[in-house]
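Below you'll find the structure, written out as C-alpha cells, and then a few comments.
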Amino acid sequence: MRYLTAGESHGPQLTAIVEGVPSGLNITAEMINKDLARRQKGHGRGRRMQIEKDQVQLLGGVRHGKALGSPISLVVENNDWKHWTKIMGVEPISNEEEQEVKRQISRPRPGHADLVGAIKYGHRDMRNVLERSSARETTVRVAVGSLAKQILAELGIKVVGHVLEIGGIRAENTNYKDIEDLLNVTEESPVRCYDKETEQKMMDAIDQAKANGDSIGGIVEVVVEGLPAGIGSYVHYDRKLDSKIAGAIVSINAFKGVEFGIGFEAARKFGSQVHDEIQWSEDDGYTRRTNRLGGFEGGMTTGMPVIVRGVMKPIPTLYKPLQSVDIDSKEPFSASIERSDSCAVPAASVVAESVVAWEIANAIVEQFGLDRMDLIKENVNKMREYSRGF
Ligand code: EPS
C-alpha cells in the first residue's frame, strides 16, 4: 500500500489518496471521524482546535461500506479556510491585492522549518513553508491510519497510543491489565495518560508552560498486540519492520527520537539482562518470558507486543521570544507569535498510533499481498497456526 497527502494548514482542505487497500475492508466515515476527534483533543491545544471539527469525506474507492480495492480518496476540509481565502487563495492576484493580502512572513521561528524550507524552495514569504510544514497535515495521516487500524482489527491486532511523559513528568503507574484497559483509561484522560495521579501534574505543567509563554514536549508510547511472529524480514535492510516504524515515528512533526522496548537503557545492561528468554506451550506456541526488546528480533515481529516510544520536542511556536533574524532586513529580532498549542503531546500519541498502524498493516498486506481481506485473513491465521506448532 502507499499514500500521498496534500494540503496547507489554512488552505481549503487536506487530501490523501491511499492505494492498495485490500478489497472487502469495512470502512465508514464514522470510524475515521472517531480517530480524527481523538487527535483534536488534549490539554494544551490552542484556539485553532476550537475552530476545526475534523470530518472525513470518502470520495473514491469505497462502496456500501466496503473498500473496492481501487484507490481511496480521503478529504478533510479546514473550517479556518474561510478566514484565509484571500491570503491562501489559489488564483493569481494583482499587485494591489498583493499589497493588501500578502503580509509576507520574513521572520523565521527557531526550530521550525521556516528558514531552511525558504532557502531550499526559494520562498521570500515563509508562509509558503509553514503552511505545509504545519502539524495540521497529521489530520489526514490519522485518517489513513484509521484505515490501517481497521485492517489490523479485522486480523485481531490492536494498536493503542498513549502518553508516558510530559515536561519531565513521567507516568508512575503503567501497569495496565490488557490493551483494552489501556485504551479505555487513556481515552478518558485529558492528557492520554494511564496514570491518574500523574495526569493532574502533567496538566499543571502544561498550564505553567503556557503561562510562561512557553511550550513543552514529552514521550508517547504505542503498544500493538495480537501480531503473528515473522512480520518484516531480516534478509535485507529495507525490509526490517522496526526500521520502518522508527522512520515513521520521526516523520511526525517535532519528533526527535525513537526506542523499542527498554530502548536506550540496553546500553547500560549486560546481554543476559536484555534478551528475552524463549518458552513454548501447547496453547500459546513460542513466547518470551519478558519483552525487553519490544516485540522485534532481526527486524521481524516476535509475536510479543510491539512497544515503541517516540520523543516530541516542545513546539517551536512560542509566545516567549527567541532570537532570530529577519530575512529582509537581516536585523536580529525577538520572535513574537499570536497563536499556538502549548503542548500537543496527547494529540501526537494518536498520530504515533496511526503511523505505527500504517507500517504494520502495510507490511502484512505486502507479505500476504492478496488484494483481498478474506484471503489475507486466511493466510495470517495459517501463519499463526504454523508458528504455534513449529
Ligand atoms: C501548528 C500551529 C497551530 C496548530 C496546528 C499546528 O495552528 P494555527 O497556526 O492555525 O494556530 O493548531 O495544528 C493543527 C491545526 C492541527 O490540526 O493539529 C503548526 O504550526 O504546526
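For ligands, and for the atoms within them, numbers begin at 1 and follow the listed sequence.
Within 4.0 Å of atom 1 (C) of ligand 1, at least one protein heavy atom is present.
What sits closest to atom 4 (C) of ligand 1 on the protein, heavy atoms only, is Asp341 OD2, 3.6 Å. In terms of protein heavy-atom proximity, atom 21 (O) of ligand 1 is closest to Ala135 N, 3.0 Å. Protein heavy atom nearest atom 11 (O) of ligand 1, with residue, atom name and distance: Arg339 NE, 2.5 Å. Nearest protein heavy-atom contact of atom 12 (O) of ligand 1 is Arg48 CB, 3.3 Å. The closest protein non-hydrogen atom to atom 6 (C) of ligand 1 is Ser134 OG, 3.5 Å.
Contacts between Arg136 and ligand 1 below 4.0 angstrom, taking non-hydrogen atoms only, involve backbone and side chain alike. Residue-level proximity to ligand 1 for Glu52 is absent, since no heavy atom of it falls below 4.0 angstrom. Residue Thr138 does not touch ligand 1, judged by heavy-atom distances below 4.0 Å. At a heavy-atom cutoff of 4.0 Å, ligand 1 is contacted by the side chain of His10 but not by its backbone.
When only interatomic distances are considered, the shortest N/O to N/O separation between Arg39 and ligand 1 falls below 3.5 Å. Considering backbone and side-chain atoms together, Ser9 places no N or O closer than 3.5 Å to any N or O of ligand 1. The distance criterion of under 3.5 Å between nitrogen or oxygen atoms is met by Arg45 with respect to ligand 1.
If you check the side chains of Arg39 and Thr138, you find a donor sitting under 3.5 Å from an acceptor. Donor-acceptor pairing under 3.5 Å is lacking for the side chains of Tyr194 and Asn175. Inspection of the Thr302 and Glu297 side chains reveals no N or O donor paired with an N or O acceptor under 3.5 Å. Defined by atom type and a distance below 3.5 Å, a donor-acceptor pair is missing between the side-chain atoms of Arg107 and Ser324.
Between the CG atom of Asp328 and the CD1 atom of Ile105 there is a distance of 12.0 Å, given to the nearest 0.5 Å.
Gln273 places a side-chain N or O within 3.5 Å of a backbone atom of Phe270 that can act as its donor or acceptor partner.
Relative orientation of the Phe296 and Phe260 rings is perpendicular, given thresholds of 30° and 60° on the angle between their planes.
When Gln40, Met49, His112 are ranked by how near their heavy atoms come to atom 14 (C) of ligand 1, first place goes to Met49.
You'll find the side chain of Met312 stays beyond 4.5 Å of the side chain of Lys256, heavy atoms only.
Val56 approaches Leu36 most closely through the heavy-atom pair N-CD1, 3.8 Å.
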